[in-house]
Amino acid sequence: MRSASILAACISTALVVSRAPVCAGKPIPPPPDGVVRVATYNVSMYRDRAGALLAEMCGGRSPQVRQIAEVLQRVRPDVVLLNEFDYDPTGPGGPGPPALVRAFRREYLEQPQRGLRPLRLQHAFYRPVNTGFDSGFDLDKDGAKGGPADAYGYGRYPGQYGMLLLSRFPIDADRSRTFQKLRWKDYPGARLPSVPETGKGYYSAAELDAFRLSSKSFWDVAVRSSTSGGDPRWLHMLCSHPTPPSFDGPEDRNGKRNYDEIGMVAAYLDSAAEHPRLFRDDTSGRPVTFDRAQPFVVLGDLNADPVDGGGTPGAIRQLLDHRLINGSVSPRSEGGVAASRDAVELNRAQRGDPAHDTADFGGDGYSNLRVDYALPSKQLRVIATGVFWPRPGEPGSEAVRATDHRLVWIDVKLPDAGAAWAP
């Protein structure tokens, strides 16, 4: 129960931590009544060893996590997916979410950052991921087993680079599904890598019998966003974080996997008609399909730009061109344009509009890209969108440096109850 003792220490210490408010600037206006603000944010809240993030967060003293909370308090989403939020299932010794989730909410989101109003997102969906989960095989072919690249998803320990969905609205766990265990070889038309020199499969038959398609996981989370006539109305959050299409060799194993991880979301949308037995819920093991009449938002750092970057061409178009998705929604910022100009050499070959970029990889020597997405289904009415990327000197411009990604948000309105909609 080490995490429980850490959490108790966090709460005790937090009582004496000073947070003097300063000029906060003007936050983004709240959405109108009946409109839901949905966001995705890669927060880079991972550490090199298990348990290190929770220890660092004690008493609200982590500068990086304070900046992440500041960004969230400025945007004030109703529902937000956090990518690269370590998965640590250890709890406080009683009912409630794990210690890491509690510490993040109590000591950061619910405390004023730079004079901003606290943000209460009291409902959470937090599940295991494949990162750091050892496969037992030498998947990267370096002659040794047990390394971070030999896990089902790259990671030094189980749960590194995990995911967390937070919501102001209730989450129905019984209606929600996870597909962490779907094998890559079972995916229709799987782009399994091969060795260019020989044409033989990069992975052995035994490895493919175990290899999972998701580098983290794929979730369908049912959020009760409103009630009409006493009946709940559901908004489904389709959450994932595909592997970057890089850090491999001529076999392009990560590029091919990224393409199929993105395609898995599209396949799930079409599952009722085309793949009725492909998706099995991790908990029950039973086949499930998606009701395409249900409104949804695709969320996540999908690691694929529509025109730039080194990914497999067409990867993200599997979603942008899907008949159920409003792929014309392309949030923008002025800060992305300014950042592109500041790193002109890195972005010289950029073809996409930098106003739509969501990640600043200049510190790592890569160009800026659009890789984070909040894509609504076509039956949702889009009211407003944005990438939270202030220009230098504007409120929040320092806080966004806490991670190399930027928060993407959309305001959507559900269709009227009983309204007919045909895909």
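Residues: numbered from 1 along the sequence shown. Bear in mind the structure is a predicted one, so any value in this text is a computation, not a measurement.
At a cut-off of 3.5 Å, with distance as the only test, a side-chain donor of Asn42 or Asp301 sits close to an acceptor on the other residue. No side-chain donor-acceptor contact under 3.5 Å links Asn368 and Ser340. Ser271 and Thr289 share no side-chain donor-acceptor pair at under 3.5 Å. Under 3.5 Å, the side chains of Asp86 and Tyr157 contain a donor-acceptor pair of N or O atoms. A side-chain N or O of Trp184 and one of Asp260 form a donor-acceptor pair less than 3.5 Å apart. For the residue pair Glu56 and Ser62, a side-chain donor N or O sits within less than 3.5 Å of a side-chain acceptor on the partner.
Under the 30°/60° scheme for interplanar angles, the aromatic rings of Tyr203 and Phe211 are found to be tilted. A perpendicular orientation is assigned to the rings of His405 and Phe361, their planes being inclined by more than 60° (bins at 30° and 60°).
Phe179 pairs in a ring pair (Phe, Tyr, Trp, His ring centres under 6.0 Å) with only one of the listed residues (Trp219, Tyr268, Tyr187, Phe290), which is Tyr268.
Under the 4.0 Å criterion applied to side-chain N and carboxylate O atoms, Arg37 and Asp411 are assigned as salt-bridge partners. Using a 4.0 Å cut-off between charged side-chain N and carboxylate O, Lys185 and Asp209 make a salt bridge. Salt-bridge formation is not detected for the pair Arg66/Glu70: no Lys NZ or Arg NE/NH1/NH2 atom is positioned less than 4.0 Å from an Asp or Glu carboxylate oxygen. We find that Asp270 and Arg323 are joined by a salt bridge, their nearest charged nitrogen and carboxylate oxygen being less than 4.0 Å apart. By the 4.0 Å N-to-carboxylate-O rule, Arg370 lies too far from Asp305 to be salt-bridged with it. Electrostatic pairing of Arg183 and Asp186 counts as a salt bridge here, judged by a charged N lying under 4.0 Å from a carboxylate O.
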* Full working for side-chain contact (heavy atoms from CB on, under 4.5 Å) between Arg286 and Arg280 -> CA-CA 5 Å; Arg286 298 187 184 124; Arg280 292 181 178 271; 5.7 Å; no

**Report entry** Candidate pair Phe85 and Phe104, rule ring pair (Phe, Tyr, Trp, His ring centres under 6.0 Å), full reasoning
**Finding:** CA-CA 10 Å; Phe85 186 104; Phe104 180 59; 5.4 Å; yes

Residue pair Asp78, Val38: steps toward the side-chain contact (heavy atoms from CB on, under 4.5 Å) verdict: CA-CA 6 Å; Asp78 297 306; Val38 182; over 6 Å; no

Working note: Asn303 + His241, criterion side-chain contact (heavy atoms from CB on, under 4.5 Å); need CA distance, chi angles, decisive distance, verdict. CA-CA 8 Å; Asn303 274 312; His241 184 191; 3.6 Å; yes

Could you check Gln64 against Met45 for side-chain contact (heavy atoms from CB on, under 4.5 Å), going step by step and ending with a plain yes or no? CA-CA 8 Å; Gln64 184 220 10; Met45 286 174 58; 4.2 Å; yes

message = For Glu261 and Ser240: C-alpha separation, side-chain torsions, deciding distance, then whether side-chain hydrogen bond (donor to acceptor under 3.5 Å, both in side chains) applies.
response = CA-CA 8 Å; Glu261 284 194 74; Ser240 65; over 6 Å; no

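Taking the ring axis of Tyr259 as reference, the NZ or CZ atom of Arg191 stays within 45° of it and closer than 6.0 Å to the ring centre.
With sequence neighbours excluded, the residues forming a salt bridge (Lys or Arg N to Asp or Glu O under 4.0 Å) with Asp360 are Arg406, listed by chain and number. Residues forming a salt bridge (Lys or Arg N to Asp or Glu O under 4.0 Å) with Asp342 (at least two apart in sequence, or on another chain): none.
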